[in-house]
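These notes concern the structure reproduced below.
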Amino acid sequence: LGNIDKALEYYQRSYKLNPNDALMVYDLANVYFDQKDYANSARYYGEFGALDKANAEAAFINQAMSYQALGDNASLEKTLDKILEVNPANAEIRYQRGVMYVRNASSPEMRDSAQKIDSLLTVSPKDAALIAARDQMIKSRQDYNTKALADFKQASETNAKEPLYWYWYGNTAFFLEKQDESLEAYKKCTETDPNFNDCWCQLRSLYARMGKKAEAEDASTKCKD
């Protein structure tokens, strides 16, 4: 009837009487999600996932959508982990988690910190604390990208027909200077989608890095900058 406040009142009364009623908890989560109350929808989708193991994957995907809407990346990452615990073969979730790791590696906070450290090192190039902070920053970025590489690789192998997975697998391998892996991934990307422009452009850059001039020129003809 469109009386959302009254619906929530009765759902909450029902919840107090029996918080283990999985169907009711799911309905409660849906109402909060529809009302864009994502903090509560995330809470109750999580509870439903714990109550109904058969539908836990769908519940946690909805929970992840709630955290995305909230911009709560820390909670989102934990939920993506839970989804993959339930279904390790979910290629899209692996891809999404890989993207999150890449974003963490190049977050504005990390870039700003790196710039500040570099600026201070120009004044005090032998400062041990600054050098240690720089090395830790580099390691953190490396760790994020290494985790992203593993997720993109598995997503690509699980769903080999999705060029975007191969593209990001290639990009992360490129960043980590794993040239053979990057080359194979970019080739798979262009095979699955011959019109994937960004993939051809990245392939051109990789060939140039590898000193393969003829291949780089050929890829360049398919890259529309």
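Each residue takes its place number in the sequence, starting with 1.
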_Working for side chain to side chain donor-acceptor pair (under 3.5 Å), residues Tyr67 and Glu77_ = CA-CA 9 Å; Tyr67 284 132; Glu77 184 176 343; over 6 Å; no

Where is the tightest heavy-atom contact between [X] and [Y], given as atom of each residue plus distance?
X	Y	value
Gly46	Gln63	CA-NE2, 3.3 Å
Ala64	Leu80	CB-CD2, 4.3 Å
Ala148	Thr172	CB-CG2, 4.2 Å
Ala22	Phe48	O-CD1, 3.1 Å
Pro19	Val25	O-CG2, 3.6 Å
Leu203	Thr190	CD2-CG2, 4.5 Å

Classify the side-chain pair [X]/[Y] by whether it contains a donor and acceptor separated by less than 3.5 Å.
X	Y	answer
Asn30	Tyr45	yes
Asp37	Asn40	yes
Tyr186	Asn171	yes

*Under 4.5 Å between side-chain heavy atoms, hopping through other hydrophobics if needed: is there a path connecting Tyr144 to Tyr165?*
no

*Kindly work out whether a path of hydrophobic side-chain contacts (I/L/V/M/F/W/Y, heavy atoms less than 4.5 Å apart) joins Phe33 to Ile83.*
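Cluster IDs for Phe33 and Ile83 match.
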
_Lys116/Asp112 salt bridge by N-O under 4.0 Å criterion_ = no

*asked:* I'd like to know if Lys153 and Glu157 make a salt bridge, using a cut-off of under 4.0 Å between side-chain N and carboxylate O.
replied: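 Looking at Glu157 together with Lys153, the answer is yes, because their closest N to O distance falls below 4.0 Å.
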
*asked:* Could you go through Asp127 and Ser124, starting from their C-alpha distance and side-chain angles, then the distance that decides it, and tell me whether this counts as side chain to side chain donor-acceptor pair (under 3.5 Å)?
replied: CA-CA 6 Å; Asp127 188 306; Ser124 305; 4.9 Å; no

Ignoring hydrogens and angles, tell me if any N or O in the side chain of [X] forms a donor-acceptor pair with the backbone of [Y] under 3.5 Å.
X	Y	result
Lys178	Phe175	no
Asp218	Ala214	no
Ser41	Tyr38	yes
Ser140	Gln136	yes

Interatomic distance, [X] atom [atom1] to [Y] atom [atom2] [nearest 0.5 angstrom]:
X	Y	atom1	atom2	result
Tyr10	Met24	OH	CE	15.5 Å
Asn197	Lys224	CG	NZ	8.0 Å
Lys161	Asp193	NZ	CG	14.0 Å
Asn20	Glu47	CG	CD	9.0 Å
Cys189	Leu164	SG	CG	8.0 Å
Ser66	Arg43	OG	CZ	13.5 Å

Min side-chain heavy-atom separation [X]-[Y] under 4.5 Å:
X	Y	result
Ser113	Met137	yes
Gln96	Met100	no
Arg94	Thr158	no
Asp151	Val99	no
Tyr169	Glu184	no
Ile61	Asn90	yes
Thr192	Lys188	no

*Test the Arg209-Phe174 pair against the cation-pi criterion, namely NZ or CZ under 6.0 angstrom from the six-membered ring centroid and within 45° of the ring axis.*
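Pair Arg209/Phe174 counts as cation-pi.
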
*Applying side chain to side chain contact (heavy atoms under 4.5 Å, CB included), run through Asn73 and Arg103 and close with a yes or a no.*
CA-CA 10 Å; Asn73 288 332; Arg103 286 176 180 162; over 6 Å; no

*Identify which one of Tyr26, Tyr15, Tyr11 satisfies the ring pair (Phe, Tyr, Trp, His ring centres under 6.0 Å) criterion when paired with Tyr44.*
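With Tyr44 as partner, Tyr26, Tyr15, Tyr11 yield a single ring pair (Phe, Tyr, Trp, His ring centres under 6.0 Å), made by Tyr15.
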
*asked:* Quick check on ring pair (Phe, Tyr, Trp, His ring centres under 6.0 Å): which of Trp200, Phe196, Phe152, Tyr95 does Tyr167 satisfy it with?
replied: Phe196

Looking at [X], I want to see if its [atom1] is surrounded by more than 12 non-hydrogen atoms of other residues, nucleotides or ligands under 6.0 Å.
X	atom1	value
Lys222	NZ	yes
Lys82	NZ	yes
Lys147	NZ	yes

*Check the pair Arg13 / Leu17 against side chain to side chain contact (heavy atoms under 4.5 Å, CB included), numbers first and verdict last.*
CA-CA 6 Å; Arg13 287 171 67 179; Leu17 290 169; 5.6 Å; no

*asked:* I'd like to know whether Tyr101 forms a side chain to side chain contact (heavy atoms under 4.5 Å, CB included) with Asn145, so could you lay out the CA-CA distance, the side-chain angles of the two residues, the decisive distance to 0.1 Å, and finally the verdict.
replied: CA-CA 6 Å; Tyr101 288 144; Asn145 281 294; over 6 Å; no

Using side-chain hydrogen bond (donor to acceptor under 3.5 Å, both in side chains) as the criterion, list what pairs up with [X], not counting sequence neighbours.
X	result
Lys6	Glu9
Asp27	none
Asp135	none

*Can you list the steps and then say if Arg141 with Ile138 is a side chain to side chain contact (heavy atoms under 4.5 Å, CB included)?*
CA-CA 5 Å; Arg141 293 191 69 193; Ile138 293 170; 5.9 Å; no

*Run the numbers on Asp21 and Asn18 for side chain to side chain donor-acceptor pair (under 3.5 Å), then give the verdict.*
CA-CA 6 Å; Asp21 184 333; Asn18 183 10; 4.7 Å; no

